[in-house]
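Numbers restart at 1 for each chain; the letters A, B, ... are given by sequence-line order, proteins then strands.
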Amino acid sequence: MRKDWDVIVIGAGPAGLAAAAAACDAGAGVCLVERESRPGGILKQCIHDGFGLVRYGEKLTGPEYAWRDIEAVRRRNIPIWTETFLLELQRAGDGFVLTMQNREQAVFQLTARALVAATGCRERTARQIFIHGQRPAGIYTAGTVQHMINIQGYLPGRRCVILGSGDIGLIMARRLVLEGARVEGVYEIKPEPSGLTRNLVQCLQDYNIPLHLSTTVTRVLGRERVEGVVVCPADENLRPLPDRGRIVPCDTLVLSVGLIPENDILEPLGVELNPRTGGPVVDQRLAANVPGLFSCGNALHVNDLVDYVSESGEIAGRAAAAYALGRTQPPNHAELVPEGDILYAVPGRLDLAAGGKAVVYLRANRTIGNARLTISAGDKTVLRKRYPVLRPPEMERIVLDLADLPAGAGAVKLSLRGEENG
Amino acid sequence: MANIRAVQKALDALGIGKLEARPWRRSVVLEGRVRTWQDYIRAGYAAAGKGFKGVVNDIEVEGLEREREYIPPVRDNTLEGKQFDVIVIGGGVIGCAIARELTRWQLRVAVLEKEDDVAKQTSSRNNGMIHPGIAPARGTKKLHYNILGNRMYTQAARELGFALERCGSLILLEKSWYRLLAPLAKQQALQKGVDGVILLSRREVFRREPYATPAQRGGVLLPSAGVVAPYDVTVAFAENAVENGAQVFLHTMVQGFAMEHDRIARVLTNRGRIRAKVVVNAAGVWADKVAGWANDRFFTIHGRKGTIAILDKKTRAYQSGVLAMPRLGSKAHTKGGGINPTVEGNLLMGPNAVEVPWREDWSTGPEDMEFLLSRHLPLNTRLRPGDIITYFAGVRACTFEEDFVVEPSEYVANLVHAAGIQSPGLAAAPAIARDVAEMAVKLLSGVMEVRPNPRFNPVRRPNPRLTDLSLEERALLIRSNPAYGRIVCRCEAVSEGEIVAAVKSPVPALSVDAVKRRVRAGMGRCQGGFCTPAVLDILARETGVPPTRVVKGRPGSELVLAPTKEPGEGSADA
């Protein structure tokens, strides 16, 4: 087996699979490393449909969507090291050394000129949002519940409360009902739901599952198994009002309270992270500050559509191949500075030397109407766009042609301004 | 000299109602009614230090809900008629360490534990500090056993194969003028037997702990302070005891004694009546209740809850040892915690100290977290609330005399107490165990010949842990058993092989939480989100039960309730 690669992709979820195929198509020798027994990432357990509308123009289930990428990787004869765990990641010379373990090879090393980190994200837990009480069985993140039901065939609870109106939470509300469980309600601390509108309709409304906004869970009751939760209204600063709490009996609390990009293995390399996204600070090639390191998918920032995860994988894979094959210029970076109503924008900088087109993903920090987006460098405005309404859960994607920027642009401003309650 | 009038006077001075003190044997019993738990506690302490052996606080608190004490839902006769030389009540660190000491002799030893595992209560719900011995007052058992126990840990760790890190403890001074007192404090500490006391200037503190709070005005470094994983230590004692012939019975709750004159004739449990020549009371928060069954309740245990937050492993690089900044002159019965490393590479923050009427209520509340965040987090300027991955609470088993009770009963011929063991109880455990075992052997010598156990082996070979191994050792282990090649818990890098080994250990891990305590699967930053389903399947496979019977901890804590529907099975309202 080959030990030295142009590009190694860590993680064989949708981002990693797309990155590997793109790197291969760009002429690089590439392999994938995956800690689970099968490629496909979290899509394996997403048996609902709705994936692929942007990329394929059709509605696929998670496994169907993943299958296309897995086939694309197989057709290209790209090796996938499954059930292989990355122990250490180090820089060596102008590349990387990966020390890994699995059942067959025991401990072994691979080297690569370029690395694509497609490591996905993890779920925020009950304690991380300061839910109190004892620690009985029956408190699960939505992804864990999804794994238990869809992969293992276990029903984790019969009477469930769901905290957080993120997409996985909404989808699991429906899934639990379909499996015969009762969902007492979905509780969301914010005054508006966090999930996509289509999931609110298809998962809650269609199944008569109540959604309680500006309400949160503050305490879990029960000693061995969950016996109930205390739910409380929250004020406009998202602070619970404990004297207005009430008990909702249930045996399971399902949490869909946020995702955290997983970049912990990159930290020894000295990677610069964006505190807003939790992902590396990258340019439009999705190159991090560590030369040869590229980031994509939900490890870069949490996406709401897998189609964009795949797109970022393709960009990172292509760029990693170009870097590994020595086809890149030394970078000439200009910061991309978000202003106004922007929660975050990716990338954080533009490599003017690389040129080409930059795909920019951004989220509004609140629901706004009649929103105006402008991109400007110095006093030149290079892009203008209007949106009737923008919501934080729904990510926006725009394409910026770097050729439109004036020569020697120092910083590029990305400005979003809108009206409240649009 | 015991002074009942002084006690009565102190009670009256509280002005919280009509309370009465009466002497009983060499102790004092308090009776009456008060409105709040706080008043109950105040009365208990008012009676302490008046020359009595113990304070028995039988004051009622109006309207106080009785505790739902955990009773294992098992009733059988598997232990009916069994005979042991020594029965140790309680499978915490004290009980397990005592059992291991007892196996140095040729004795039939049993540990009875009502929970589903050892180290389930206070022994796993603390910060793992091996205290240096600076805090206890002179002349106390706490001080004696703390100093000795601290020293004994080096050998215990080597023999039993648990991690001990003598990272040192740095007590930060809050005010410059405290430095004037420091030389005196150092002198006193050395007289107490503390192994090493080093005074540091403000600059020297920053050299050692660059991220220490800028509010510090110098510090006192105690290099003998260390940390352990308290559940590891308890399991190590228990397993070595079992390897040397002791038996550990879980789900086994002592519910009374059958007395014959001044002896315990039978120990009554939910699994039958057991005969024992000597009984050791190491029942933690319930030690007073156990003493009462032998009509020897000369002290009362009250629970003092402490909440501890666990910080992400990333933070370990920000601190080299324990940091604390106690408030001088505060009346609280604790140093007030601080921030300490763990042997696994996290930092812990806390504990606080709150008097609570329920001894098994390990719930946390927002006020506990607020305390830790405002009081402890600032000790290290690099730490952020977002570094907290989880938190938990434990309950200390305190007496009103604030000292350990380590002695043979004065009235019961075959009972030894190891009670009131709160902080620094973990540090004191090896020393307490040695003394209690000797007391038990002395009692036994009256009724039987006690010979040394020629097969006693103090060395336990712990199961391998991948994270402790070099890459070469890791590779060898995986080649010998490929199950070590499959990582199940990604955050803590724990393999399937380690989990299987824990299930097959002398004190087997039979629940998800027991696996977590043995091998750390689920202790990382995702808190079991990814590995719990996998651990569930491994436990079901290795123990031969259906997945719906796999528990998180106690019976009744099943993780999944049923299989999902078969294809074609009914609709939503099944």
> Do B:V560 and A:M148 come within less than 4.5 Å of each other through their side chains, counting heavy atoms only?
Replying inline: yes

More than 12 heavy atoms of other residues, nucleotides or ligands under 6.0 Å from CD1 of A:I151: yes or no? yes

- Task: Check the surroundings of atom CZ in A:R276: do more than 12 heavy atoms from other residues, nucleotides or ligands lie under 6.0 Å from it?
- Result: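 Open: at most 12 neighbouring heavy atoms sit under 6.0 Å from CZ of A:R276.
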
Would you kindly say whether [X] and [Y] are connected by a side-chain donor-acceptor distance under 3.5 Å?
X: B:Q527; Y: A:R127; value: no
X: A:T125; Y: B:R525; value: no
X: A:R219; Y: B:S363; value: yes

### Query
Can you say whether A:L87 sits under 4.5 Å from chain B via the side chain, the backbone, both, or neither, judging by heavy atoms?
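When you check distances to chain B, only side chain atoms of A:L87 fall under 4.5 Å.
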
Segment of A:D251 engaging chain B (4.5 angstrom heavy-atom cut-off):
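Only the side chain of A:D251 comes within 4.5 Å of chain B.
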
(message) For A:Q101 and B:Y484: C-alpha separation, side-chain torsions, deciding distance, then whether side-chain contact (heavy atoms from CB on, under 4.5 Å) applies.
(response) CA-CA 9 Å; A:Q101 76 161 63; B:Y484 286 96; 5.9 Å; no

Quick test of your reading of the model: are B:R486 and A:E36 salt-bridged, counting only N-O distances below 4.0 Å?
no

Should B:L471 and A:T99 be marked as a side-chain contact (heavy atoms from CB on, under 4.5 Å) after you check the CA-CA gap, both sets of side-chain angles, and the distance that decides it?
CA-CA 9 Å; B:L471 292 178; A:T99 306; 3.7 Å; yes

Near-ring test A:H132/B:Y391, centroid separation under 6.0 angstrom: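 Here the rings of A:H132 and B:Y391 have centres that are less than 6.0 Å from each other.
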
